[in-house]
Protein chains: 2
Amino acid sequence: MQNTPKEWSLIERIRYRVQRQNDHTKVPLGDDAFVFRNYPGYSVICQDMMVEGVHFELDYFSAFDLGYKSLAVNLSDIAAMGALPHFAQVSLALPKKLNESWLDDFYKGMTSLADDHHMQVVGGDLAASPDRLVVDVSVHGSCENPLTRKGAKPGDLLLCSGPLGLSFTGMTALQKKLSGFDDAKERHLRPKPRLDLVASLQKQHTRIHALMDCSDGLVNDALQLRPPNGGFHLFAENLPLHPDSESLAVDLHLNPQDFVLWGGEDYELLMAVHPEDYEYFPEWKMIGQFTEDPRVFVSHPDHHEEIKEFKGWKHFPG
Amino acid sequence: MQNTPKEWSLIERIRYRVQRQNDHTKVPLGDDAFVFRNYPGYSVICQDMMVEGVHFELDYFSAFDLGYKSLAVNLSDIAAMGALPHFAQVSLALPKKLNESWLDDFYKGMTSLADDHHMQVVGGDLAASPDRLVVDVSVHGSCENPLTRKGAKPGDLLLCSGPLGLSFTGMTALQKKLSGFDDAKERHLRPKPRLDLVASLQKQHTRIHALMDCSDGLVNDALQLRPPNGGFHLFAENLPLHPDSESLAVDLHLNPQDFVLWGGEDYELLMAVHPEDYEYFPEWKMIGQFTEDPRVFVSHPDHHEEIKEFKGWKHFPG
């Protein structure tokens, strides 16, 4: 889109902050488009948008954290394909209330995560926004063997890479201005995409029937991962609760299980594997099993609780 | 980002509308990310955002036109590298006032342009917006020889692929609800990215010193293309005016030259070539020449008019 001298000076400022080059760069940031030499294997691309007042509020999201998280949610999608990221493009619709130092901190947060993963911010767009801040990030990565959501079979175990419901716990603590809950707040503000698992996922790729990241709450995500026309049981005693979630649930007189079932944005990975292959994934938690039966249950030691009403996650009221 | 059942149903609807596959598709739309087999040559990526009330108004932009244009502006960046497009991702921050049939028409407009260029819409995101519509599109393409903005030399001619100021003419006619000016309105609503020129640009790539697309107005764009510390003359008698612009200028008692110098969003291409190579580009208009002198002039037969004040294009007031 067209830019003005004011935009040019902001773009120069951003360029100075993000510019890095590697062996694959052919035409760096600053031309009509970014050009690079392909990586081996397949290309993997994703794109994810965050809107002020819908996905975040600026009273508890610092510029640094928002820069970090808007990239992190995309890197989680890359990890969920068993891929590694190389390049990100960032578009910002920027309201006047946010000044240049806010913008500096936003890119500091984003490049801090990008640097952790040896990737670069290479383009995007900057636009004025009359009111809300909107951040949209696309990422380009690559992998040898893509790991998809499709392929879970009845009888497969449902494995999870870490605690769920923790981001929701953090968001609630932030919104209610509660002190403590530091792990939960950090999970909500600066979720860690599970790129650390990619090398081992690629090594075991023939054993992985299906893989995805957990961003919409466990029930909604497992519905995406289930076998065609199938369902699943979740094992109540194995649900991956974090102490912060249990503690917040006590304080607020809520059922912590709901945090896991319906809280989104944890960005852990979910996997379907044959029960005999569970031993190859010792660090993953076994939290459920897929079934031919299309119903969805939470299984307790003495009873099965059927889930009939599928609650949406909070970001699309109406 | 997390999605809700409402978003899922909209996403299904979009998927149905855009889904196409080709030989390069490895994992289609609908997984955590889109996966494809690389194209020969270099990869080319760009991303461009449009914000309601800043880049367009919905009272004169139909859903179809907006879908078309939000892709077109990106394809223009791809053409400006001498590349061809393969895949687009689209993020929408969607206010409640826009219903599902609006969304259908938006994707009809986008896929109509995508189909013209044998490319696919393969992903993106959908978010609620509390107020404004925001559209952000990223495109992945490829090329054998990238053609960059850098490389113009003093003495090089400045060539242009078609009329400039026409989009500004159309926007003005639309905003003032004037009848007629059909070419100009079409240029503003559905600009044609000059992908038709890419094959010949690649063929002549050794003769092209610098190339870019014209989106910010001729003066601002030529400032990007000029040699380091250099300037340029624009030839007043050769400025690529369209009859619609001349006619609107008469109606509104304006100088049509200003439309060319400062009106943006035409998405024609600008090129710098050695004067001896002009003969290889017979369909391009010779509109200026780069100089060692850093000043900028509009050259008339009998005098040189120096441009000292650089007016911004309209989209970033303040």
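Just the heavy atoms: all of them, side chains too, but no hydrogens, waters or symmetry mates, feed the values below. In what follows, every chain begins at residue 1, and chains take the letters A, B, ... in the order their sequences are listed.
- Using a 4.5 Å cut-off between heavy atoms, B/Asp136 contacts chain A through both its backbone and its side chain.
- Among the candidates B/Leu211, B/Val139, B/Leu92, the residue making the largest number of heavy-atom pairs closer than 4.5 Å to chain A is B/Leu92.
- For A/Val90, the part lying under 4.5 angstrom from a heavy atom of chain B is the backbone only.
- Chain B forms the most heavy-atom pairs under 4.5 Å with one residue out of A/Ser70, A/Gly41, A/Ala93, A/Cys143, and that residue is A/Ala93.
- We find the CD1-NE2 distance between A/Ile45 and B/His86 to be 11.0 Å, quoted to the nearest 0.5 Å.
- Donor-acceptor pairing under 3.5 Å is lacking for the side chains of A/Ser138 and B/Gln89.
- Residue with the most contacts toward chain A among B/Val44, B/Asn74, B/Leu147: B/Val44 (heavy-atom pairs, distance under 4.5 Å).
- For the pair A/Asn38 (side chain) and B/Tyr39 (backbone), a donor-acceptor distance under 3.5 Å is present.
- Only the side chain of A/Val51 comes within less than 4.5 Å of a heavy atom of chain B; its backbone N, CA, C and O stay farther away.
- Within the 4.5 angstrom heavy-atom criterion, atoms from both the backbone and the side chain of A/Val134 approach chain B.
- Atom CG of B/Asp23 has 12 or fewer heavy atoms from other residues, nucleotides or ligands within 6.0 Å.
- Contact count versus chain B (heavy atoms, under 4.5 Å) is highest, among A/Ala80, A/Ala83, A/Ser142, A/Gly141, for A/Ala80.
- A heavy-atom distance below 4.5 Å is not found between the side chains of A/Val54 and B/Ser129.
- The two residues B/Glu52 and A/Pro130 come nearest to each other via the heavy atoms O-CG, 4.0 Å.
- A salt bridge links A/Arg149 with B/Asp32; the closest basic N to acidic carboxylate O contact falls under 4.0 Å.
- The part of B/Val27 that comes within reach of chain A is its side chain, from C-beta onward, which places non-hydrogen atoms under 4.5 angstrom from that chain.
- Listed by chain and number, the residues in a ring pair (Phe, Tyr, Trp, His ring centres under 6.0 Å) with B/Phe87 are B/Phe34, B/Phe36 (sequence neighbours excluded).
- Residue contact with chain B, scored on non-hydrogen atoms closer than 4.5 Å, is absent for A/His24.
- Chosen from B/Ser91, B/Ser43, B/Cys46, the residue pairing most often with chain A at heavy-atom distances under 4.5 Å is B/Ser43.
- No donor-acceptor distance shorter than 3.5 angstrom exists from the side chain of A/Asp31 to the backbone of B/Thr148, with no hydrogens or angles considered.
- Judged by distance alone, the side chain of A/Asp77 and the main-chain N or O of B/Ala33 form no donor-acceptor pair under 3.5 Å.
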